Peer 1: 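Below you will find the structure I want to go over with you.
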Amino acid sequence: TNPTIVGFNVNLDRIIQITPALLKSALFNQPLLSELRSRLLHSMQTCTAEEWFVTDYAVYQQFTRIFADTGHLSVGGQAGIAAVHLASEGISDVLCIAPTTGPETRKILENAGVHMLDHHYGAEPSSDTIHLVFEYAPGLVPVADGIISRNNRFIVSPLHAPESVLIPGDKETEFSTGISQYTRAFLSGYQYLRTEKEFHRAADQCLLMKRNNRKMRVHVECVSVTDRRVINGFIHQILPVADSIGLNEHELVLLLQGLDSSGIKPGIFGMLSPVQQVTGALEICKSSGLKRLHLHTFGYYVQVIRNDCAHPEASLNALLFASRAVAQAAQGTQKEISPAGVL
């Protein structure tokens with residue numbers, strides 16, 4: 001029920017279901033899509049959620065034109081999805097901070113009951129950005145040895161400007177006034193920052209949120225990005241000012257590599273055992289000072305929480321709630337418990 005801020009990566013997703021017919025089609029086998037297809041097949045073979053950031057925007061526009069009549073659109077981006085979900089769960093005050101969001105995206109969010117904070121801070125309205133999200137079920141291609149078969153997705157997106165994650169300097173006071181009553185923040189999109197200066201500004205703006213309300217707790221989401229500059233900026237600038245982090249098993253490996261935790265050796269395809277995942281989660285919390293870490297992986301969740309902040313029963317209820325929400329969103333019908341989760 002806490003008044004909640006969500007930011008910053010909000011966009012539209014074009015959801016495309018992968019089928020045998022699509023994989024075999026002339027559209028999907030044209031030379032322009034060769035790298036996209038190769039990356040998608042790797043994601044499918046390892047059943048790993050991967051994202052490809054296309055640095056050449058002209059090439060990305062060609063991709064969006066090719067798939068313009070395929071699939072369907074929905075709100076995307078970790079912040080956009082979280083905003084809609086929180087509003088649907090009865091949080092009465094969900095405020096979305098997305099400085100470069102387009103008009104159609106804003107309209108969908110507002111219709112879902114999400115408030116938008118001074119959309120562009122006086123700037124010209126941006127156009128809507130559409131990401132390509134390829135969803136697949138296992139069995140379409142052979143799954144690699146040692147991989148647990150699972151439904152997953154492969155995302156193709158443009159590289160957004162750093163301004164999509166940063167409040168303009170001359171608007172920080174206005175921003176500060178507008179968020180003073182909020183006590184929770186769910187922040188994401190830091191993969192679009194590049195320089196140490198940009199990460200430092202983003203960290204300062206996290207601290208600004210916390211200074212305005214001593215009850216504010218900041219949660220940040222990780223993404224599967226391999227750029228060492230981004231990983232280092234996230235580890236050394238963002239994590240020290242955050243209270244909580246959410247990540248999956250692939251992102252856990254990336255952060256551990258950034259911390260040079262050489263004692264934890266991933267196995268085939270960079271996978272960690274459940275014991276290694278717990279060890280790695282503890283290592284990240286100890287090195288960063290985080291109060292909380294939430295690892296979401298196939299079949300089970302791992303939560304690490306600092307002793308002085310721990311409320312075990314509330315944490316268990318939260319994990320069960322998250323699990324149920326995900327299961328309902330997936331519209332699954334199977335009753336089995338994942339063997340990996342049992343182990």
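For clarity, every value in this text was computed on a predicted model and none was experimentally measured. These values consider heavy atoms only, across backbone and side chains, with no hydrogens, waters or symmetry-generated copies. Numbering starts at 1 and runs along the sequence shown.
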Peer 1: Are any of the side-chain heavy atoms of I16 and L22 separated by less than 4.5 Å?
Peer 2: yes

Peer 1: How about CG on D69, more than 12 heavy atoms from neighbouring residues, nucleotides or ligands closer than 6.0 Å, or not?
Peer 2: no

Peer 1: Is the CD atom of E196 crowded by more than 12 outside heavy atoms at less than 6.0 Å?
Peer 2: no

Peer 1: Can you find a side-chain donor-acceptor pair between S43 and E50 that sits under 3.5 Å?
Peer 2: no

Peer 1: Could you tell me whether H296 and Y301 have their ring centroids closer than 6.0 angstrom?
Peer 2: no

Peer 1: Using 30° and 60° as the class boundaries, would you call the ring planes of Y60 and H131 parallel, tilted or perpendicular?
Peer 2: perpendicular

Peer 1: More than 12 non-hydrogen atoms from neighbouring residues, nucleotides or ligands closer than 6.0 Å to NE2 on H72, yes or no?
Peer 2: yes

Peer 1: Mark yes or no for whether E89, through its side chain, and L86, through its backbone, hold a donor-acceptor pair below 3.5 Å.
Peer 2: no

Peer 1: Are side-chain N/O atoms of S188 and N9 paired as donor and acceptor at under 3.5 Å?
Peer 2: yes

Peer 1: Assess the side chains of R292 and S244: does a donor N or O sit below 3.5 Å from an acceptor N or O?
Peer 2: yes

Peer 1: Are the side chain of S323 and the backbone of L319 linked by a donor-acceptor contact shorter than 3.5 Å?
Peer 2: no

Peer 1: Answer whether the closest heavy-atom distance between the side chains of F8 and T100 falls below 4.5 Å.
Peer 2: no

Peer 1: Any sub-3.5 Å donor-acceptor pair from R37's side-chain atoms to L32's backbone N or O?
Peer 2: no

Peer 1: Which of parallel (below 30°), tilted (30 to 60°) and perpendicular (above 60°) describes F134 and F67?
Peer 2: perpendicular

Peer 1: Would you please say whether a donor-acceptor pair under 3.5 Å links the side chains of H311 and E313?
Peer 2: no

